8 protein chains.
Amino acid sequence: MKKNNKISELISRVESGELDLSTAFAELNLYSSDANFANLDHTRKERCGFPEFVFGEGKTAEQLQAISQEIASKNDPVLITRISANSADFLLKIYPDAEYDKLSNTFLILPENFKIKKGNALIITAGTTDLPTALEAKYTLTACGCRVELAADSGVAGLHRVISNVPLLQKADVIIVVAGMEGALPSVVGGLVSCPVIALPTSVGYGTSLGGLTAMFSMLNSCASGVTVMNIDNGFGAGCAAARVINSQYKDIRV
Amino acid sequence: MKKNNKISELISRVESGELDLSTAFAELNLYSSDANFANLDHTRKERCGFPEFVFGEGKTAEQLQAISQEIASKNDPVLITRISANSADFLLKIYPDAEYDKLSNTFLILPENFKIKKGNALIITAGTTDLPTALEAKYTLTACGCRVELAADSGVAGLHRVISNVPLLQKADVIIVVAGMEGALPSVVGGLVSCPVIALPTSVGYGTSLGGLTAMFSMLNSCASGVTVMNIDNGFGAGCAAARVINSQYKDIRV
Amino acid sequence: MKKNNKISELISRVESGELDLSTAFAELNLYSSDANFANLDHTRKERCGFPEFVFGEGKTAEQLQAISQEIASKNDPVLITRISANSADFLLKIYPDAEYDKLSNTFLILPENFKIKKGNALIITAGTTDLPTALEAKYTLTACGCRVELAADSGVAGLHRVISNVPLLQKADVIIVVAGMEGALPSVVGGLVSCPVIALPTSVGYGTSLGGLTAMFSMLNSCASGVTVMNIDNGFGAGCAAARVINSQYKDIRV
Amino acid sequence: MKKNNKISELISRVESGELDLSTAFAELNLYSSDANFANLDHTRKERCGFPEFVFGEGKTAEQLQAISQEIASKNDPVLITRISANSADFLLKIYPDAEYDKLSNTFLILPENFKIKKGNALIITAGTTDLPTALEAKYTLTACGCRVELAADSGVAGLHRVISNVPLLQKADVIIVVAGMEGALPSVVGGLVSCPVIALPTSVGYGTSLGGLTAMFSMLNSCASGVTVMNIDNGFGAGCAAARVINSQYKDIRV
Amino acid sequence: MKKNNKISELISRVESGELDLSTAFAELNLYSSDANFANLDHTRKERCGFPEFVFGEGKTAEQLQAISQEIASKNDPVLITRISANSADFLLKIYPDAEYDKLSNTFLILPENFKIKKGNALIITAGTTDLPTALEAKYTLTACGCRVELAADSGVAGLHRVISNVPLLQKADVIIVVAGMEGALPSVVGGLVSCPVIALPTSVGYGTSLGGLTAMFSMLNSCASGVTVMNIDNGFGAGCAAARVINSQYKDIRV
Amino acid sequence: MKKNNKISELISRVESGELDLSTAFAELNLYSSDANFANLDHTRKERCGFPEFVFGEGKTAEQLQAISQEIASKNDPVLITRISANSADFLLKIYPDAEYDKLSNTFLILPENFKIKKGNALIITAGTTDLPTALEAKYTLTACGCRVELAADSGVAGLHRVISNVPLLQKADVIIVVAGMEGALPSVVGGLVSCPVIALPTSVGYGTSLGGLTAMFSMLNSCASGVTVMNIDNGFGAGCAAARVINSQYKDIRV
Amino acid sequence: MKKNNKISELISRVESGELDLSTAFAELNLYSSDANFANLDHTRKERCGFPEFVFGEGKTAEQLQAISQEIASKNDPVLITRISANSADFLLKIYPDAEYDKLSNTFLILPENFKIKKGNALIITAGTTDLPTALEAKYTLTACGCRVELAADSGVAGLHRVISNVPLLQKADVIIVVAGMEGALPSVVGGLVSCPVIALPTSVGYGTSLGGLTAMFSMLNSCASGVTVMNIDNGFGAGCAAARVINSQYKDIRV
Amino acid sequence: MKKNNKISELISRVESGELDLSTAFAELNLYSSDANFANLDHTRKERCGFPEFVFGEGKTAEQLQAISQEIASKNDPVLITRISANSADFLLKIYPDAEYDKLSNTFLILPENFKIKKGNALIITAGTTDLPTALEAKYTLTACGCRVELAADSGVAGLHRVISNVPLLQKADVIIVVAGMEGALPSVVGGLVSCPVIALPTSVGYGTSLGGLTAMFSMLNSCASGVTVMNIDNGFGAGCAAARVINSQYKDIRV
């Protein structure tokens, strides 16, 4: 039910004469409050189903603190990806209950009442070196209020590992398949399940892995029908895509 | 709802001793009957949610007839993509009620009782030249039993066209965004809706469109979070991906 | 009017017999005085409309000082791009009134009488990370004597931000549109205005952003007609290109 | 002079209460009349300074006739690029006064009262094989009401030809430099003039010309400051870009 | 077993004084008799284990006949790859017992006494469209005197097909794995067997299959250790590589 | 000789009713004991002919010690590639008899009874800078129980060096040819011998060596028939591939 | 002795006052007579050592006749490369003594008194399929008045062929080495001789030969010092480059 | 004049029976004395016209000293390219008269009697940042005994600088044209002179300069006929190529 969408509301109010157009635009601007060094997009949750998250790279600890404070003040989860160790240490002193994952450089502050969870997302990786990207996806899904499970190190060269994961694969609502090198795992998984499959290439490998391009092109050419693909190492994007799927499956449950 | 899966069933029967392993494999093979020039994968519907479809390129009219007959005999929809005009004319004489779309080179024979439809998929294109790819996606979704609507020619250079489509965008269950050239439309659409968005690049353009690579890379780098991407001109794959989403949203309805 | 062009003048004098050819060449050389480590092109202002600017990368603080002194002695603005922090600190002691922008690594010394300004250039960016490139363009336009305004963080995934900038866009004489990732903004802007639009791709992004190539190819394939493109991260070049436009619009005003 | 812009007008009328928002959108739609196979963008002239032109590739002679009739009925010039010989012959019978250029596959129907011309655009080419692309640019500029001159075959390997064109170069308002192979000409031209220079790469060459990529990359790296670049073989786009420059220089003259 | 190598023999005879060096070179030349349009390398069999084969592309039927006659006269098998239908028909009249495979465009004339066979090569393909390349490899192995079996259409998206081929895979002496699209099959096979595995990418696929580059790069990055790779569509090369393996395993058997 | 394969054994026991399927899978899992940070694949030796080796990059000294201990406890050789100097020093204190090669960053612990050797592998390099990659291949072959010889610096620009290596080349069972830059050596070697030839490209070179892509593409296009290719700098993979060849030639000898 | 250079002469005459500058430019223009569809550069012979040659592709038989007539009227050799069979037949009727080479599509009309020859150029090819490119180089050298010898089919996989050509290689003044596929021959040749070596890559090959890029990159990375490289399939350019060498070696002999 | 070639001599002695073949090979080996970490090719001077030079990258100061000593002991010039500052300082203490160029990282020890010089090589650069590569070429030519002149900073955007260098260009025996960015200079120079022109691309530039690929591709497509090209930044190779030209022009003068 996308009824309480801010934009639709504004359009209605303009149509009913309650609002003139320039005030409407201004009001839209109001929803984008300025933290001086970043324009937060506060209508994103209404439009897209998840609030704006924070790309930590290149931001100072102080800037991250200010942004975190503003988001947290609205009782939204604060997700910072690609955070530096220094910034994380700085924030941990202020938010001692926050979760900081060193492998994926992710920082997550959940609001106190953040309890309702929905869906069963599964993240499966080909190798252990794919874990940082997989974990970024995992924390993103958590910040979106989705339940998520992680099954690592199931590459196709040891086929028995994939096969022993079939029961896990078949009960998932959406699957993120993380792989570098030759990126073969999504084809095997896509042929075994009916739910949406999101292939997430990583830059793991050397020489002709071409920084992940080989895995990504491989996934785009998957012989399993209906597998979609994300940008290289983009765990955050894959998490959002999986959250879009789960949000669309469980429309009645609001986090 | 994935209970009546043939593979799970076989595993149970092997475990209960009802079946030995080699017979189980044989039985799996039985499900892949051989039409002499193609191995049809008849358990795909159980595993993936849609039956095996037919890639028409490089197959003779007679081969396509034989395959069609076998699939139709199981009361499954027959979808042939990339069919030649000659083969289509040949098949139309045998299946006069079939639908043949010349723009996308798609051929569709629906079973008589093919009535239940589910979901609301939306396909939106940037230009008119993206139509062939969009139509391939549309017929694929139809063959999967999904309702689908098509909104063409809404490129971002005429922003008013996109904006006037907002109501249509917001009521969709899943959106396929088709674009060539600079591939900008998925970023705009992805920022306006909360449902899953599948970006489908086309080879429309010349020079540095690089046969669709530019549109595809553009979509992989979308600033709208959680947009997933298909291979270039792969309308069939995008249709299957959208069907995976709708199937997961409407698990109780079986086509 | 380009009448007082040094080359035309020399050709006339040679034709009139006032000058022989080898002396003419020598005289041309005279205009390129040698500061020992760089050949300054002092006729560039006559030929191209703006004086020679300084690429700071790889030059020592002492070299930059010598060059600055020579340019400043002719009452021309001194623009140094890609300057190191050390060199900037060194020069700031000598030129305390100079402007040093740390984000874009640009250093600008304006002559005392540098007052006349012309035109209205607008620089609009998709994200905040595009700012360093945008600022390099801004300082270049300033050094060329052009008025310039900067509107940051107007990416297409938050369409309301672009729309609220329409009045600003429509009053500009020339627009530089700065974007990384999928580079979609120039297509949207190009479809909204009639003035020259210069698309400036940045290397912002990762994975398939390919160091800015994706944004650049996207811009070269813009569905908005008549958008021109610069090299990746080349804020200096975009500033010069915009200055060429403004100089051609305001021929009677000389800075 | 952008006052009589349809969009601004609509915004004003909505703000004044004269119009409600959905009617406004509908009215915008009215301006995009549907010729059944193409959505013409009739507000483009107000927004961008030139009317919508027709990409002839893949359209039938009958479709082109219908579109031509609709555009011509509004007294706008009809420009069809990449037209087939057959379609051109068909249209010539209907529009005997139209101009059909076989080299560039361009077709131009000018309205009777199409008399006012403005500006001095110059198109210079490196070789004779660059002519088709150059002519596409020339006819586009003509359709935009701009005066245009063409100087062909001035490649840098015969430097005397470039030098003898210097007077022509220095009196132009905007220059389109067309070159394939190594794409060196824009660097030489850009160093000789102060007006906007638009580099237009062509796919002329073989082997490592890479279908024009080499010329284009070369132009993007021009050592002459402020040269902007178009997509390969995109004479139409270069013509529009030059028209944007001239329109911005001669705002008071309306074609 | 490499004792009766012609080069070693010549070196010995030169060393023993039996032969001077220029005569030795001349004698080497004698082994390369000239059929006027091709220099056949008649010592290749001694050096490399298989005779020179014929690349049919671009050679006339008459030229192929002459070459065939010369090779056949030495009682060697005549293998012509990439032959045109016309040339094949022409040769079939002269060599009615020859085998002509239309799918792979291969032509094979075996000498009468060609009876001894050795080894068990297995060729496995991911899809049916990989067959032409697989068959080229098959006929090459046959011409080298090796036994060969072909198992088609075992792509990883239908994992049960691969698993049911495990017994076949485990009894092979060398395996050629043929796949296009994402090229995942060699990784699965390589993880199941201990014999040499030769991955053979095909140009099957579209869009980002990049004419086979994606499959090839995927195979070069296989997570299964010790998989080697051939050039795209190079069935002939893969056949020769497999023959090298079998020749080295069965040194005592000479065909 | 592949009889005592664990998988075949399990299949037999399941078929005979001795084992149910889920226990079989569990048993397979038992063979993959978890060292907490890595899943070792203990059936690989049975399946592929060599045990799992360790990729040292990104693992701590303590992790490497734990893995080494587990592998060594089964009396298997411990091969660690791409080890850091620190980790190597740490391990040398624990395993003073281990071999640590600084040039290739390889660490090798051989079990006490590791005595039986088989085959004659030859590694030949074009230049001295190819040595690190060549040595990685050499230690891998040693860990597989294969005899190996190394002939360095035999580039084709000094043809006499290649020629003087002919006797060495002709007595090898399998040859790994290591080259960077133009990668020409495998073509020359492949034309001189009949045994399997594995071309191993290195990233040696600059400019258009493209990080080894040029050498690799060169090798994939070798005019010598039947040369197979590995990924760039993948000495480990080439060693495994050569071991597969030797294992298949000497099936009766078990290390 | 470059004394009778037209440009130097003009400069002297301008300096001496004998000529004014605009007349000088006009006179330069006079030397570029216009055959209506092509601007011939008649001072090229003075500047570059060889006259302007004709690129036949895309020119009609009539145009080629007119150009030929003009060049022949000045007693210069007429070289037409990439000529169509039709045009060649047409011209042969007019110039029955001309030489037309079907393999390389080259047409050569030598003036009656064209007798003096100089130098010893050698063209050596790796395969027979490299012949068309090699022959284009051969006819270009002939048109430049240079003696030239051709040694075909000397690829490195049959090393004895290269070695038997050593005497031929060592007596050449300049060598053009033509090769496709892996492009290894120039490295071998460059290591055997002291004269200038021009590597000429061809597009011979398939798959990863990448249309000749692989051969070209290979040659650019040659381990033989001082080998220079031409564009792919550019036999004409290689011929000119070799002629530059020979002209510089035999300055006193004028053709 | 290539009479005293060691290989020819050996062949003669073998033919005359004076020498047996294996001794001949041994003797060839003797000419490649082993300095333990490098195989010096001491017959290169006889074969190629210049002695073996030393690539300093990755060699220790002690290794360089040993190699230098060995070369110097034969009275040959010692040229070390890409030397580290530390190694250079170390060697300068031993060879105080050596020349060490910091810009190009080149180290040159000339033998005492190194006096005869021949030819006039010219090196011309487009920009000052091309100097390191140009200087590497300059020192290589010096080590080959060739006279060489350097004209820097003559880019085509300041055409007057190129023109004022025409007299210098016309008197050269061979010209190396060094340029990065768009690489246009060789086309202009190639159109002005008749001597051999060697285009040397540098990695100067950013964004789409693609590390020098753009300049190199540009040069390979030069519209000036007969320009040859070197690898990116390969000043050493260009120097050797120019030395090959001069050696072939001045055969009678031996350094």
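What you see is a predicted model; the values in this text were computed from it and never measured.
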Would you give me the side-chain donor-acceptor pairs under 3.5 Å for residues 91-103 of chain B, sequence neighbours excluded?
from      : atom 1 : to        : atom 2 : distance (Å)
Glu99(B)  : OE2    : Tyr139(B) : OH     : 3.2
Asp101(B) : OD2    : Ser104(B) : N      : 2.9
Asp101(B) : OD2    : Ser104(B) : OG     : 2.5

**OP:** Report the distance from atom CG of Asn231(D) to atom CD of Glu182(B), rounding to the nearest 0.5 Å.
**Re:** 11.0 Å
Original post:
Say you draw a straight line from OG1 of Thr128(B) to CD of Gln63(D); how long is it, rounded to the nearest 0.5 Å?
Top reply: 9.0 Å
Subject >> Residues of residues 206-221 of chain D contacting chain B, heavy-atom criterion under 4.5 Å, by residue number >> reply: Leu213(D), Met216(D)
